[in-house]
Amino acid sequence: MFLPAGSQDETGIQISNRLRAAESFRLVTKKRNFKTISTPVVEYANTFTNQMAGMDLHSMLKWFSGEGEIEVLRPDWTAAIARAIAGQHPSEQKWSYQGSVFRFDKDETENRQAGIEIVHADRFLGEAESLLTAIAYLKNLTIDAYVIELGHTGIFDAIVGPYHFEEKQELALLNAMHDKRSDLVEEIVKQAGHSALAEPLVALIDAYGSREIINTYRERWNNHQDLLAILNHIEKLMDLLEAAGVTEVIVDLGRVKNLPYYDGIMFRGFLTNDGSTCFSGGRYDRLYEQFQQSTSAVGLAFDVDTLAKHMDAEQEPEKICILATPATHAVAEQFRMDMEEQVVDIQYELKSDANYQKIYQVVEEDSQYKVVEK
């Protein structure tokens, strides 16, 4: 049978690595005092499409319920967890989750994630704990070739804020900035009658790199206290990461939010061997306004499928076969139970292409069964 677009079968190492990644994540987050949470895979669409979450219904796998409500397969963990924990006591601050999200606008319809959310905590503490947990998890997976990127939604908002754009124009501008299309950025702002905005936005597209970028823009924005405060905040996080031993930290001052609910610091992790994104996240305080809460909320999610592809294969234990018969299967099973470190297979007939390091056989001797190496 053929599979729908975006679906795939899997076998072997990818599944094994993903299971190891899941267990590693559970242990790392447990040690760091995160409380596990799971939300239903089926949710009401409004959890994700309401004014605060602002996600696009067209990208979701959806249907009508018997009551006429639009239901979806979970497209996002953060909005779902916000719904689930909005009524929790503020002392419950650190949450971890694992599971799939489903979206049409990704290469694969199903994407396995593991992530953390930190709510009601000191703002810098939450951001620091998010990033340091990411570092600890990658270290546990023995993945050390990565770069962490920092950005902030407030930069674009501060520069564009004084200018009026229609909703469609602003969305198009965000997409052009996200794709780093300077030609489209110029076209959009000029069509909106804001030609003076073209130069600073196009310059932001190239405001990407090391700490020197911050120093350059600190001089350019020396009369903009709100932008200077953002630069100081980003630099403070860079200091933290470098003190924690991460030498590859970059900034992207032109980065814009890829999810509507982000409203502050944003971060991503890139694997240096192929540039793939292994985690992303940021601040999303405004998401909790729908629950009449003014609070701090920040988190990040790992792409477990990507991590599994880049993990070293687990060292295979010795693989053994025990040849038995229906009458001696229980004897072979008892022998297998005593071999805790090996992979033990029981067969009635040895295939010519079988791949075993050792082969044993159940034999009868003096009216007793025993297992001997063949």
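Remember, predicted model here, so these are calculated numbers, not experimental data.
- Counting only distance, with no hydrogens or angles, the side chain of Asp366 and the backbone of Gln368 share no donor-acceptor pair below 3.5 Å.
- Ile155 and Ile265 fall within the same hydrophobic cluster, defined by Ile, Leu, Val, Met, Phe, Trp and Tyr side-chain heavy atoms under 4.5 Å apart, directly or through other members.
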His58 and Phe104: CA distance, side-chain angles, deciding distance, side chain to side chain contact (heavy atoms under 4.5 Å, CB included) verdict: CA-CA 8 Å; His58 292 91; Phe104 281 130; over 6 Å; no
task: Using the side chain to side chain donor-acceptor pair (under 3.5 Å) rule, take Ser24 and Asn140 through it: C-alpha gap first, then chi angles, then the decisive distance, then the call.
output: CA-CA 7 Å; Ser24 174; Asn140 197 270; 2.4 Å; yes
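- Scanning both residues, Leu287 and Ala82, for their nearest heavy atoms gives CD2-CB, 3.9 Å.
- A donor-acceptor contact under 3.5 angstrom links the side chains of Trp63 and Glu71, judged on distance only.
- Remark: the backbone N or O of Gly99 is not paired with any side-chain donor or acceptor of Gln113 at under 3.5 angstrom.
- Here Arg103 does not pair with Asp56 in a salt bridge; the nearest charged N to carboxylate O distance is not below 4.0 Å.
- Side-chain atoms of His194 come within 3.5 Å of backbone atoms of His164 as a donor-acceptor pair (strictly under, hydrogens ignored).
- The closest side-chain heavy-atom distance from Met177 to Leu174 is not below 4.5 Å.
- Nearest heavy atom pair, residue Ile116 against residue Glu129, reads CD1-O, 4.5 Å.
- In this structure, Arg74 satisfies the cation-pi test against Trp77, with its NZ or CZ atom closer than 6.0 Å to the six-membered ring centre and inside 45 degrees of the ring normal.
- Judged by the 6.0 Å distance and 45° axis criteria, Arg32 is not positioned over the aromatic ring of Phe34.
- You'll find the side chain of Ile70 stays beyond 4.5 Å of the side chain of Tyr44, heavy atoms only.
- The nearest pair of heavy atoms linking Tyr288 to Ala297 is CE1-CB, 3.6 Å.
- One finds no salt bridge joining Lys370 and Glu364 here, because no Lys/Arg side-chain nitrogen approaches an Asp/Glu carboxylate oxygen to under 4.0 Å.
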message: side chain to side chain donor-acceptor pair (under 3.5 Å), that's the test. Do Thr277 and Ser280 meet it? Break it down for me.
response: CA-CA 7 Å; Thr277 303; Ser280 62; over 6 Å; no
- request: Begin with the C-alpha distance, continue with both residues' side-chain angles, and end with the deciding distance and a verdict on side chain to side chain contact (heavy atoms under 4.5 Å, CB included) for Arg283 and His152.
  value: CA-CA 9 Å; Arg283 177 160 296 286; His152 201 289; over 6 Å; no
- request: Under the side chain to side chain contact (heavy atoms under 4.5 Å, CB included) rule, what do Thr39 and Tyr97 come out as? Steps first, then yes or no, please.
  value: CA-CA 9 Å; Thr39 64; Tyr97 61 85; over 6 Å; no
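- Aromatic rings from Phe302 and Tyr137 are positioned such that their centres are separated by under 6.0 Å.
- Side-chain atoms of Ser96 never come within 3.5 Å of backbone atoms of Thr29 as a donor-acceptor pair (strictly under, hydrogens ignored).
- Not one N or O on the side chain of Glu69 forms a donor-acceptor pair closer than 3.5 Å with the backbone of Phe64.
- Between Arg268 and Asp303 there is no salt bridge, since no side-chain N of the basic residue sits under 4.0 Å from a carboxylate O of the acidic one.
- At least one side-chain heavy atom of His329 sits less than 4.5 Å from a side-chain heavy atom of Tyr348.
- Between Asn46 and Asn50, the closest heavy-atom pair is O-ND2, 2.9 Å.
- A salt bridge links Arg123 to Asp285: one of the charged nitrogens lies within less than 4.0 Å of a carboxylate oxygen.
- Under the side chain to side chain contact (heavy atoms under 4.5 Å, CB included) rule, Glu235 has a single partner from Asn215, Ile230, Val251, which is Asn215.
- Pairing each heavy atom of Ala53 with each of Tyr261, the nearest pair is O-CD2, 3.7 Å.
- In this structure, Leu27 shares a hydrophobic cluster with no other residue, the cluster being traced through Ile, Leu, Val, Met, Phe, Trp and Tyr side chains under 4.5 angstrom apart.
- Expressed to the nearest 0.5 Å, how far OG of Ser38 lies from CD1 of Ile81 amounts to 8.5 Å.
- Looking at Arg112 and Asp305, a side-chain N of the basic residue comes within less than 4.0 Å of a carboxylate O on the acidic one, giving a salt bridge.
- Tyr360 does not carry Lys374 over the face of its six-membered ring by the limits of under 6.0 Å from the centre and within 45° of the normal.
- The residues Lys358 and Glu373 are annotated as not salt-bridged, no charged nitrogen and carboxylate oxygen being separated by less than 4.0 angstrom.
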field: Step-by-step side chain to side chain donor-acceptor pair (under 3.5 Å) determination, Arg181 to Asn175
entry: CA-CA 9 Å; Arg181 290 286 306 276; Asn175 289 333; over 6 Å; no
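- A donor and an acceptor atom, one from each side chain of Thr295 and Gln293, are nowhere located under 3.5 Å apart.
- A donor-acceptor contact shorter than 3.5 Å is absent between the side chain of Ser182 and the backbone of Val202.
- Checked for salt-bridge contact, Arg336 and Glu333 meet the test: a charged N lies under 4.0 Å from a carboxylate O.
- The side-chain heavy atoms of Ile359 and Ile320, taken from C-beta on, include no pair separated by under 4.5 Å.
- Using a distance-only test at 3.5 Å, with no hydrogens or angles considered, no donor-acceptor pair links the side chain of Thr47 to the main chain of Glu43.
- Residues Asp345 and Tyr356 have side chains that bring a donor and an acceptor to within less than 3.5 angstrom of each other.
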message: Checking Glu127 against His233 for the side chain to side chain donor-acceptor pair (under 3.5 Å) test, could you report, in this order, the C-alpha distance in whole Å, the side-chain angles of both residues, the deciding distance, and whether it holds?
response: CA-CA 11 Å; Glu127 294 165 10; His233 185 77; 2.6 Å; yes
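- Remark: the backbone N or O of Met337 is not paired with any side-chain donor or acceptor of Glu340 at under 3.5 angstrom.
- Looking at Arg20 and Glu23, no side-chain N of the basic residue comes within less than 4.0 Å of a carboxylate O on the acidic one, giving no salt bridge.
- Judged by distance alone, the side chain of Asp274 and the main-chain N or O of Ser276 form a donor-acceptor pair under 3.5 Å.
- Within the 3.5 Å criterion, the main-chain N or O of Asp226 finds no donor-acceptor partner in the side chain of His224.
- Phe267 and Ile250 are assigned to two separate hydrophobic clusters, defined by single-linkage of ILVMFWY side chains at heavy-atom distances under 4.5 Å.
- Val372 places none of its side-chain heavy atoms less than 4.5 Å from the side chain of Glu365.
- When each of Asp206, Leu204, Asp252 is paired with Lys180, the side chain to side chain contact (heavy atoms under 4.5 Å, CB included) condition holds for Asp252 and for no other.
- Other residues, nucleotides and ligands contribute more than 12 heavy atoms inside 6.0 Å of the NZ atom of Lys62.
- For the residue pair Glu242 / Thr247, no side-chain donor-acceptor distance below 3.5 Å is found, with atom types taken as modelled.
- Under a hydrophobic clustering in which Ile, Leu, Val, Met, Phe, Trp and Tyr are joined whenever their side-chain heavy atoms come within less than 4.5 Å, directly or via other members, Tyr262 and Phe291 fall into the same cluster.
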message: I'd like to know whether Val362 forms a side chain to side chain contact (heavy atoms under 4.5 Å, CB included) with Leu323, so could you lay out the CA-CA distance, the side-chain angles of the two residues, the decisive distance to 0.1 Å, and finally the verdict.
response: CA-CA 6 Å; Val362 182; Leu323 293 174; over 6 Å; no
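- Annotation: Leu57, atom CG; neighbour count of heavy atoms from other residues, nucleotides and ligands within 6.0 Å is above 12.
- Note on Leu253 and Ile205: same hydrophobic cluster, where clusters join Ile, Leu, Val, Met, Phe, Trp and Tyr whose side-chain heavy atoms are under 4.5 Å apart, directly or indirectly.
- Of all the heavy atoms in Asp263 and Thr153, the pair that sits closest is C-OG1, 3.2 Å.
- Residues Leu132 and Met266 do not share a hydrophobic cluster, clusters being chains of Ile/Leu/Val/Met/Phe/Trp/Tyr side chains in contact below 4.5 Å.
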